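Counting convention: from 1, in listed order, for ligands and their atoms alike. None of the values given here were measured: they were computed from a predicted structure.
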Amino acid sequence: NKDTNYVPGHDVMVHLLEWKWTDIAEECESFLGLKGYGGIQVSPIQENIIIPTRPWWERYQPVSYRWLTRSGNERQFREMVEKCNQAGVRIYVDIIINHMTADHSFPVIGTGNSIADPPSRDYSAVPYNRSDFHKSCSIVDYNDPNQVRNCELVGLHDLDQSNEHVKQTIIKFMNDVIDAGVAGFRIDAAKHMWPSDLNFIYSRLKNLSTNHGFQSGKRPYIYQEVIDMGGEGISKMEYNDLGVVTEFRYGFEISRGMRGINSLKWFKNFGEMWGMVPSNDALVFIDNHDNQRSNSDGGSVLTYKEPKMYKMAIAFMLAHPYGIPRIISSFAFHNKDQGPPSDIHENLVSPLSIKTGSCVEGWICEHRWRQISNMVHFRKVVNGTVVSEWWDNGNNQIAFSRGNTGFIAFNSETFDLNQKLHTKLSSGVYCEIISGNKINGNCTGKTVFVDENGYADVKILSDAEDGTIAIHVDVSR
Ligand SMILES: O=C(NCCCOc1c(-c2ccc(O)c(O)c2)oc2cc(O)cc(O)c2c1=O)[C@@H]1CCCN1C(=O)/C=C/c1ccc(O)c(O)c1
Ligand SMILES: [Ca+2]
């Protein structure tokens, strides 16, 4: 089964990219739990190589399975899991089991001071040696499934998951993390490992820890990074029996829609019909840590750098029932390799500075933006209902209801939207949640009136700050 293991009444995962464990624990208690977020994808916890320029992707070159990175140490990790579980927010660990480091021109030292000698495949802190790796061939033909699994991705030394010692070492690492109280894993570079080997590993994972509030018999939620835009030799459908897969087409298509490249009217049947995996098998997102800074999936997905369209894309994702949504919370970057704000002398990511509710000094904190966190509330309220009352203007103005619990409209035309639209909501005055909140019975943003026949006066000026209006039954006055 593919249960996220979220606490009932919580929904939506946020990837707190490069955040430190102590800051995450604090954010669980002061924001994420209260807003009803379901879970957090944390950056890799396993020791990684120190690359002099500290690119973000150094965390994807493991040196060992010790829980020592610039985000913190084992004690801080355990404390974070404890505090977040208590706040009703689950933790998902981004784990790299396909490979270790590449060869480098400098001595290889890890973030936990372990050493390794990649050319001789000696990773003494695990330990791994040459017999645990595939022969070093490079992936040159992505249409050859054998190469993609058994050769090296950009020179990263490729572990042989059919080797008994490798399997047992990975299984032990993952089971230790499960015992610390996490709810599941992101499997990095899953496309580069054989489904049968992954199945062997997953089947030997323990149930979630009853000492951390999980009911007995709960299985870890496994979502696998499989970058498949179609056209390669390997398909995401080879993996979605084992667990959930990242559906890269999702963010690509919604970005095209909100950019006006593809008319929003086509999104009436958005979902499996668009060649995406079944909804329960799809981990969906607009942008991720990789394609927000490069276009590795071949498309130019929306990011925080284009805020109006990005917020519309996120709002659509959180309002629509297809898939399991994940948002990213980023750090500002100017070049695609740049790592997080950090004190380069100290071997840690710099402390997060959150002033007056929004992050500063290089941390974007999309998860705190009102237009995004209020849509988490919307998604929780409409859970279990279907899309109905779809309306469009034949191009880039759309609206739909979610049962009789919520209603949302988008305008990405160059002219205003000003219509009486039918909803399935009962009549009354609703606080509009993209422009504001309902506080002590008052709306801090716009209000929307729904008449006794369910018709709402919907107005979205083309030059408005936000191109979305959304209401739901929890914010009727
Ligand atoms: O130009 C680069 N890489 C080549 C193009 C991206 O290829 C990579 C893919 C990749 C990309 C597209 C695919 O269709 C595919 O099957 C694999 O997955 C990775 C996964 C890792 O754990 C570590 C990596 O270094 C990579 C990687 O380099 C730069 C310099 C090295 C790291 N890197 C990067 O750009 C790092 C990218 C990266 C890192 C971690 C990820 O989880 C990821 O998805 C991408
Ligand atoms: Ca491999």
Number the atoms of ligand 1 from 1 as they appear, then name those within less than 4.0 Å of a heavy atom of [X], with their elements.
X: R186; answer: 42 (O)
X: Y142; answer: 15 (C), 16 (O)
X: H192; answer: 15 (C), 16 (O), 17 (C)
X: D188; answer: 20 (C), 21 (C), 22 (O), 40 (C), 41 (C), 42 (O)
X: K191; answer: 13 (C), 14 (O), 15 (C), 16 (O)
X: D290; answer: 37 (C), 45 (C)
X: L156; answer: 23 (C), 24 (C), 25 (O)
X: H99; answer: 21 (C), 22 (O), 23 (C)

Could you label the plane-to-plane angle of the [X] and [Y] rings as parallel, tilted or perpendicular, counting under 30° as parallel and over 60° as perpendicular?
X: Y250; Y: Y322; result: parallel
X: W274; Y: F267; result: tilted
X: Y221; Y: Y223; result: tilted

**OP:** State whether the number of non-hydrogen atoms from other residues, nucleotides or ligands found under 6.0 Å of L34 atom CG is greater than 12.
**Re:** yes
Original post:
N/O to N/O below 3.5 Å, does that happen between H289 and ligand 1?
Top reply: yes
Subject >> F173 ring center near Y65 ring center (under 6.0 Å) >> reply: yes
Please classify the [X] to ligand 1 contact at 4.0 Å (heavy-atom distances, strictly less than): side chain, backbone, both or neither.
X: W57; result: side chain
X: N288; result: neither
X: K336; result: neither
X: W56; result: side chain
X: E58; result: neither
X: V148; result: neither
X: E225; result: side chain

Looking at [X] and [Y], does any basic side-chain N land under 4.0 Å from a carboxylate oxygen?
X: R66; Y: E74; value: no
X: R326; Y: E225; value: no
X: K311; Y: D466; value: yes

For [Y], is the NZ or CZ atom of [X] found under 6.0 angstrom from the centre of its six-membered ring and inside 45 degrees of the ring axis?
X: K167; Y: F200; result: yes
X: R293; Y: F331; result: yes
X: R368; Y: F31; result: yes
X: K305; Y: F333; result: yes

Original post:
Once rounded to 10 degrees, what value does the angle at the Ca ion (ligand 2) take between O (H192) and OD1 (D158)?
Top reply: 150°
Subject >> Rounded to 10 degrees, the angle O of R149 makes with OD1 of N98 at the Ca ion (ligand 2) >> reply: 160°
Original post:
Under 4.0 angstrom from ligand 1, any heavy atom of M229?
Top reply: no
